[in-house]
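What follows is a single structure, written as structure tokens, with notes after it.
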Amino acid sequence: MQKKIKRKMRPVIVRFAPSPTGPLHIGGVRTALYNYLFAKQHKGKMILRIEDTDSTRFVPGAEQYIIEAFEWLGIEFDEGVHIPNNQGISYRQSERKSIYKQYADELLAKGMAYIAFDTPEEIEAKRKEIQNFQYDASTRIQMKNTLTLTEEEVKTRMAKGEQYVIRIRIEPGEIIKVHDLICGEVEVNTSVLDDKVLWKSADQLPTYHLANIVDDHLMEISHVIRGSEWLPSAPLHVLLYRYLGWEDTMPQFAHLPLLLKPEGNGKLSKRDGDRLGFPVFPLEWRSPDSNEIAMGYREKGYFPQALINFLALLGWNPGTEQELFSMEELISAFSLDRVSKSGAKFDFEKAKWFNHKYLQLIPVSELADKFILVLKGKGVETEKSYVEKVIELIKERATFVEDFWEASAFFFVRPQTYDESVVKKRWKDNTPQHLQAIGNILKTFTPFRPEEAHNAVMQYISEKELNTGQIMNCLRLSLVGYAKGPDLFAIIEMIGVNETLERIQLAINNIKI
RNA sequence: GGUCAGUUCGUCUAGGGGUUAGGACACAAGGUUUUCAUCCUUGCAACAGGGGUUCGAUUCCCCUACUGACUACCA
């Protein structure tokens with residue numbers, strides 16, 4: 001009872017612990033987000049720990065990428081590799097090297113682990129020899145380890161400096177119960193578990209399993225929220241806590257469902273992004289060895305808030321019909337028991353919809369700053385206030401800032417071509433004369449007054465018994481080049497009457513039927 | 001192969017012993033508009049299958065199927 005209370009009263013400390021083997025996958029982003037929401041809601045802490053215990057898989061730049069991605073996303077950590085601390089604590093496992101060995105030794109001393117000398121080749125040979133070979137209680141007697149070798153042999157091997165690993169010793173026939181906050185009670189028989197390697201002499205580093213348990217314990221992690229690919233090894237972890245005598249303060253587990261491919265089966269991978277044309281990484285990533293570029297949400301024009309909102313709802317729901325959430329709202333609404341158990345297919349269309357929604361909410365000034373960069377690329381220099389007005393007029397039809405140019409180019413440059421199908425449908429012999437007349441009407445409104453001008457044009461149209469759609473579309477064609485865009489009189493107000501008249505003249509000169 | 005987990009509209013999901021099985025995205029139609037969008041309205045469309053338990057099952061139990069994860073001196 002005492003212990004239960006103790007666990008309940010513990011401060012919430014969670015961690016996100018990626019290994020720096022490449023860019024952060026979008027599924028990892030979601031895992032980190034759920035950790036973050038959970039920690040914030042419980043006024044707890046969140047730690048960024050780098051699990052680089054596999055020296056062979058280290059990728060330069062990956063750690064920096066991860067940090068930059070979270071900065072962009074607005075997921076803040078309280079402690080981690082990137083946050084200085086004055087206690088001299090490292091959050092990089094390769095730098096914590098010296099910590100782990102003693103725990104492996106402790107297990108060795110207690111007889112809960114043993115030393116094995118089998119080389120990878122020997123194990124590989126065994127795998128070929130015995131179907132479904134597993135290094136466990138049933139097979140370890142055939143292998144070269146401190147359980148089978150004499151003390152003498154072990155000494156000689158050690159003296160010769162032979163490489164070895166430390167394996168956990170798991171005895172069969174016991175049921176391990178893992179209480180998972182999302183999946184419920186999961187029971188596994190120790191007979192199906194293998195004697196996992198905990199530590200290797202070759203690089204003096206622990207494997208994930210040991211490092212993970214030791215660090216989570218030392219860092220007083222209260223909740224381990226991670227992807228469900230870890231569920232099968234959770235019993236091993238429980239066992240490790242037990243062997244080390246830490247079961248009382250073992251963190252609670254929550255295994256998140258996977259993010260699946262948009263179509264077909266299997267978990268979402270980098271390839272799916274390439275194949276279907278959407279990013280699976282938060283930021284663009286250039287592979288250091290192949291120089292290949294993988295696209296990122298940031299570079300594709302997504303707003304971090306939109307990505308967060310989309311990801312939050314992929315596998316979790318508030319139980320209400322609210323869909324748009326600020327980070328603060330997510331923090332207060334989030335709960336692990338409303339996380340679904342089944343994997344979620346990645347719905348890229350929905351991600352776009354969220355971005356469209358957020359685009360409408362982002363301050364125009366901010367959008368203008370981004371768009372001005374695009375405009376500069378097109379050789380257009382304009383006042384910011386003008387750009388802001390343009391954005392006001394067109395943003396509702398855009399999903400990305402990148403859509404702005406296509407929707408608004410005519411505010412900055414004259415049409416170069418005229419949409420053929422519109423010409424065919426609307427442009428008649430007498431169109432030029434009517435456009436001239438309308439031009440003359442527009443001229444009389446100085447300064448330009450859109451509503452009055454509109455009324456005057458409409459009056460002209462009805463007096464001449466013209467077809468509104470035909471005339472308006474021809475005027476639009478002259479100014480825009482297409483049959484699209486915002487209100488015509490708003491456009492005229494923006495580009496000015498003089499420019500309007502010139503464009504009309506240009507259209508009359510250039511459009512042939 | 002083995003272990004573990006999952007399965008409600010095309011997708012994300014709500015619900016949960018008696019419901020017209022709800023919402024959102026997408027799609028379609030209509031409306032509005034000078035156009036394209038937006039917007040509004042409407043429509044389309046789901047409980048994997050089989051056995052139980054029960055007056056009654058999509059909901060609880062079992063089996064099957066399917067799907068996935070895991071099965072490294074990777075994390």
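Numbers restart at 1 for each chain; the letters A, B, ... are given by sequence-line order, proteins then strands.
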(message) Check A:E392 with A:K389, please: is the shortest side-chain N to carboxylate O separation under 4.0 Å?
(response) no
(message) With rounding to the closest Å, how many angstrom separate the P atoms on B:U64 and B:G1?
(response) 14 Å
(request) Can you tell me, in whole Å, how much space there is between the P of B:A5 and that of B:C73? (result) 25 Å
(request) Decide, yes or no, whether a salt bridge links A:K345 with A:D347 under the criterion of side-chain N to carboxylate O below 4.0 Å. (result) no
(request) Rounded to whole angstrom, note down the P distance from B:A48 over to B:G6. (result) 14 Å
(message) Determine whether a donor-acceptor pair (one donor, one acceptor, N or O, separation below 3.5 Å) exists between the side chain of A:R476 and the base of B:U35.
(response) yes
(message) Roughly how many Å apart are B:U8 and B:C12, using the C1' atom of each and rounding to a whole number?
(response) 12 Å
(message) Taking only the P atom of each, what is the distance from B:G51 to B:G43 in whole angstrom?
(response) 35 Å
(request) Report yes if a donor N or O on one partner sits less than 3.5 Å from an acceptor N or O on the other, where the partners are the side chain of A:K350 and the base of B:A24; otherwise report no. (result) yes
(request) Counting heavy atoms from C-beta on, name the nucleotide in B:G1, B:A24, B:U7 closest to the side chain of A:W353. (result) B:A24
(message) Does B:U13 have its OP1 or OP2 closer than 4.0 Å to a side-chain nitrogen or oxygen of A:S340?
(response) yes
(message) Using atom C1' in both nucleotides, what's the gap between B:U20 and B:C36 to the nearest angstrom?
(response) 38 Å
(message) Taking the basic N atoms (NZ, or NE/NH1/NH2) and the acidic carboxylate oxygens, is any pair closer than 4.0 Å for A:K300 and A:E402?
(response) no
(message) Using OP1 and OP2 only, check whether a side-chain N or O of A:N317 sits under 4.0 Å from B:A14.
(response) yes
(request) Please determine if a side-chain N or O atom of A:K341 lies less than 4.0 Å away from the OP1 or OP2 oxygen of B:G6. (result) yes
(message) I want to verify a distance call: between B:A5, B:U71, B:C12, whose nearest atom is closest to the A:Q134 side chain?
(response) B:U71
(message) Taking B:C66 as the reference, what is the distance to B:G50 when you measure between their C1' atoms (whole Å, please)?
(response) 14 Å
(message) On the nucleotide B:A24, are OP1 or OP2 found under 4.0 Å from the side-chain N or O atoms that A:K352 carries?
(response) no
Could you pull out the protein-nucleic contacts involving nucleotides 73-75 of chain B (nitrogen or oxygen on both sides, under 3.5 Å)?
residue	atom	partner	partner atom	Å
B:C73	OP2	A:R167	NH2	3.3
B:C73	N4	A:D118	O	2.5
B:C73	N4	A:P120	N	3.4
B:C74	O2'	A:D54	OD2	3.2
B:C74	O2'	A:R57	NE	3.2
B:C74	O2'	A:R57	NH2	3.3
B:C74	O2	A:R57	NH2	3.2
B:A75	OP1	A:T53	OG1	2.7
B:A75	OP2	A:Y208	N	3.0
B:A75	O3'	A:E51	OE1	3.2
B:A75	O2'	A:S19	OG	3.2

(request) Check every atom of B:C4, B:G6, B:C12 against the side chain of A:L314 and return the nucleotide holding the closest atom. (result) B:C12
(message) Any salt bridge linking A:E388 with A:K395? Criterion: basic side-chain nitrogen under 4.0 Å from a carboxylate oxygen.
(response) no
(request) Go through the side-chain N and O atoms of A:H217 and A:Y103 and say whether any donor and acceptor fall under 3.5 Å apart. (result) no
(message) Using whole Å, what does the distance between atom P of nucleotide B:C12 and atom NZ of A:K345 come to?
(response) 6 Å
(message) Say we look at B:U54 and B:U58: how far apart would their C1' atoms be, to the nearest angstrom?
(response) 15 Å
